[in-house]
Amino acid sequence: MRIQILGAGKMGAFFADLLSFDHEVAVLEKDPRRMRFIYNAVRMQSPEEIADFAPELLINCVTLNHTIEAFEAVTPYLNKNCIISDIASVKTDLKPYYEQCGFPYVSTHPMFGPTFANLANLAEENTIIISEGVHLGKIFFKDIYNRLKLNVFEYTFEEHDRVVAYSLGIPFASTLVFAATMVHQDAPGTTFKRHQSIARGLLSEDDYLLTEILFNPRTPRQISRIQEKLTELQDIIAEKDSDKMKKFLEDVRKRV
C-alpha cells in the first residue's frame with residue numbers, strides 16, 4: 001500500500017519507521033531538520049508532490065492545532081478513494097470535518113505518547129479506533145496495532161472524547177496543579193521525584209495539546225471531581241479524624 005504521512009515529529013517518524021518496510025511510504029514535512037532521521041521513505045516538502053505518489057492511505061500526524069489545516073492543504077492532490085486518517089488526542093472538531101470532506105476516513109488515537117511510553121515494548125499500552133470510520137481503514141489500523149501487541153478498543157467519537165476527558169484530563173490537571181505549587185527541594189523524596197519527572201514529561205508536550213485536552217467540554221466535570229475529593233481530604237486533615245482518613249484511604253485503594 002502507498003501511505004502518505006503528514007508531519008515528521010515524534011509520532012510521524014514512529015509511523016514512518018513502523019510502516020516503511022512493508023509499504024511504500026512518503027513523508028511530507030516543511031521543516032527539513034525534522035527529516036534527518038527519516039529513512040526508507042520518500043521525503044516531500046510541498047503538498048503538490050503528493051499527486052505523483054498517489055497514496056491509498058494518508059496518516060495525519062501534525063500537531064493538533066494544525067490537523068484540519070493540514071488536511072485542507074493536501075486533499076486537492078489526493079485521489080477521492082484515498083482513505084484519510086488522523087491520530088489526534090482530541091476529536092472534537094474532526095467528526096464534522098470528516099462528515100463533509102468527501103473522503104473515506106478512519107480516526108484512531110494511540111494512547112501512548114512518545115514522552116512516557118517505551119516504543120520498543122507497547123504490550124501494556126492502549127489504542128482507540130473510532131467506530132464511525134470506513135471498514136477497510138479500521139482493519140488496517142487494527143492489524144498494525146495488534147502486531148504492536150497494543151490493547152485495541154473501538155469507541156464512537158463521543159465515547160472517545162468522554163474517555164479522554166477522564167483518562168487524560170484528570171492526570172493532566174492533577175499534574176499541573178502539583179507543578180504549579182512545586183518548590184525546589186535539596187533532598188526530595190522518591191515520591192516527589194517521580195511526580196516531578198511526570199510533570200517535566202507532561203510539560204514537554206505541545207502547549208496546544210495540553211490546552212485542548214483540558215478544554216474538552218467533558219473535562220470540567222472531571223476537574224470538579226478532583227476539587228470535591230481535595231476538599232474532602234482537606235476537611236479530614238483539618239479535623240484530624242482518623243476514622244474518616246482510614247475510610248478515605250480504603251476507598252482509594254479499592255479504586256487503584
Side-chain angles (χ1 to χ4, degrees), residues 3-23 25-45 47 50 55 57-71 73-74 84-94 106-130 140-141 144-152 160 163-164 167-169 171-172 175-176 179 196-214 216:
I3 301 174
Q4 179 73 53
I5 295 174
L6 304 184
K10 293 175 182 177
M11 292 304 289
F14 170 75
F15 274 100
D17 180 48
L18 176 67
L19 299 171
S20 63
F21 292 99
D22 298 314
H23 304 274
V25 172
V27 180
L28 174 63
E29 171 58 63
K30 293 180 181 179
D31 185 352
R33 293 171 296 181
R34 287 191 162 194
M35 298 285 249
R36 288 176 296 177
F37 304 111
I38 298 296
Y39 62 95
N40 203 33
V42 177
R43 302 181 182 194
M44 300 178 179
Q45 285 188 270
I50 293 176
L57 170 69
L58 179 141
I59 306 175
N60 191 336
C61 298
V62 304
T63 53
L64 182 62
N65 55 323
H66 294 300
T67 299
I68 293 178
E69 177 188 335
F71 274 139
V74 302
I84 64 173
S85 68
D86 74 277
I87 58 168
S89 303
V90 179
K91 309 292 188 185
T92 306
D93 298 323
L94 284 167
V106 59
S107 184
T108 78
H109 180 191
M111 299 286 284
F112 55 91
T115 300
F116 295 115
N118 176 7
L119 297 182
N121 181 13
L122 296 170
E124 295 184 1
E125 303 294 342
N126 303 313
T127 190
I128 294 172
I129 297 176
I130 301 301
F140 175 84
F141 278 100
I144 292 296
Y145 292 146
N146 281 334
R147 281 199 280 145
L148 291 170
K149 302 187 186 307
L150 287 160
N151 300 299
V152 181
H160 168 271
V163 167
V164 166
S167 64
L168 295 183
F172 278 25
T175 299
L176 289 173
Q196 186 179 49
S197 177
I198 291 172
R200 285 173 174 165
L202 181 67
L203 291 168
S204 72
E205 297 285 1
D206 178 72
D207 285 359
Y208 190 86
L209 169 64
L210 299 178
T211 301
E212 286 304 297
I213 292 291
L214 294 171
N216 180 334

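Heads up: numbering here begins at 1 and tracks the sequence.
Donor-acceptor pairing under 3.5 Å is recorded for the side chains of D17 and Y39.
Residue L6 holds its CG atom at 4.0 Å from CG of L58, rounded to the nearest 0.5 Å. N40 contributes atom CG, which lies 5.0 Å from atom CZ of F21 (distance to the nearest 0.5 angstrom). To the nearest 0.5 Å, atom OG1 of residue T63 and atom CD of residue E69 are 8.5 Å apart. Rounding to the nearest 0.5 Å places NZ of K91 at 13.0 Å from CD of E212. Note that the CZ atom of F14 and the CG atom of L19 stand 8.5 Å from one another [nearest 0.5 Å]. Between atom OH of residue Y145 and atom CG of residue L122 there is a gap of 10.5 Å, rounded to the nearest 0.5 Å.
Scanning for side-chain contact (heavy atoms from CB on, under 4.5 Å) contacts around D207 gives an empty result, with sequence neighbours left out. With sequence neighbours excluded, the residues satisfying ring-ring contact (aromatic ring centres under 6.0 Å, His included) with H23 are F140.
When all heavy atoms are compared, the tightest approach of P110 to I87 is CD-CB, 3.7 Å. Taking every heavy atom of both residues into account, R36 and R43 meet most closely at O-NH2, 4.0 Å. Minimum interatomic distance between L64 and V90 (heavy atoms only, all atoms of both residues): CD1-O, 3.7 Å. Nearest heavy atom pair, residue H160 against residue I130, reads CB-CD1, 3.6 Å. In plain terms, the two heavy atoms of C61 and I5 that are nearest each other are SG-CG2, 4.1 Å. Shown here for A8 and E29, the closest heavy-atom pair between the two residues is N-OE1, 2.8 Å.
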Show, in sequence, the C-alpha distance, side-chain angles and deciding distance for T211 and N65, and conclude whether the side-chain contact (heavy atoms from CB on, under 4.5 Å) test is met. CA-CA 10 Å; T211 301; N65 55 323; over 6 Å; no
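The backbone N or O of E125 sits nowhere less than 3.5 Å from a side-chain atom of K149 that would complete a donor-acceptor pair. The backbone N or O of T67 sits less than 3.5 Å from a side-chain atom of N60, completing a donor-acceptor pair.
Partner of H109 under the side-chain contact (heavy atoms from CB on, under 4.5 Å) criterion, out of V163, D86, T127, V164: V164 alone.
Counting non-hydrogen atoms of neighbouring residues, nucleotides and ligands closer than 6.0 angstrom, the CZ atom of R147 exceeds 12 such neighbours.
The side-chain heavy atoms of L168 and N216, taken from C-beta on, include no pair separated by under 4.5 Å. Under the 4.5 Å side-chain criterion, counting only non-hydrogen atoms from C-beta, I3 is not in contact with F15. At least one side-chain heavy atom of P32 sits under 4.5 Å from a side-chain heavy atom of Q45. In this structure the side chain of T108 never reaches within 4.5 angstrom of the side chain of S85, judged on heavy atoms.
Pairs of residues two or more places apart, or lying in two chains, never qualify as salt bridge (Lys or Arg N to Asp or Glu O under 4.0 Å) while including a residue from residues 57-66.
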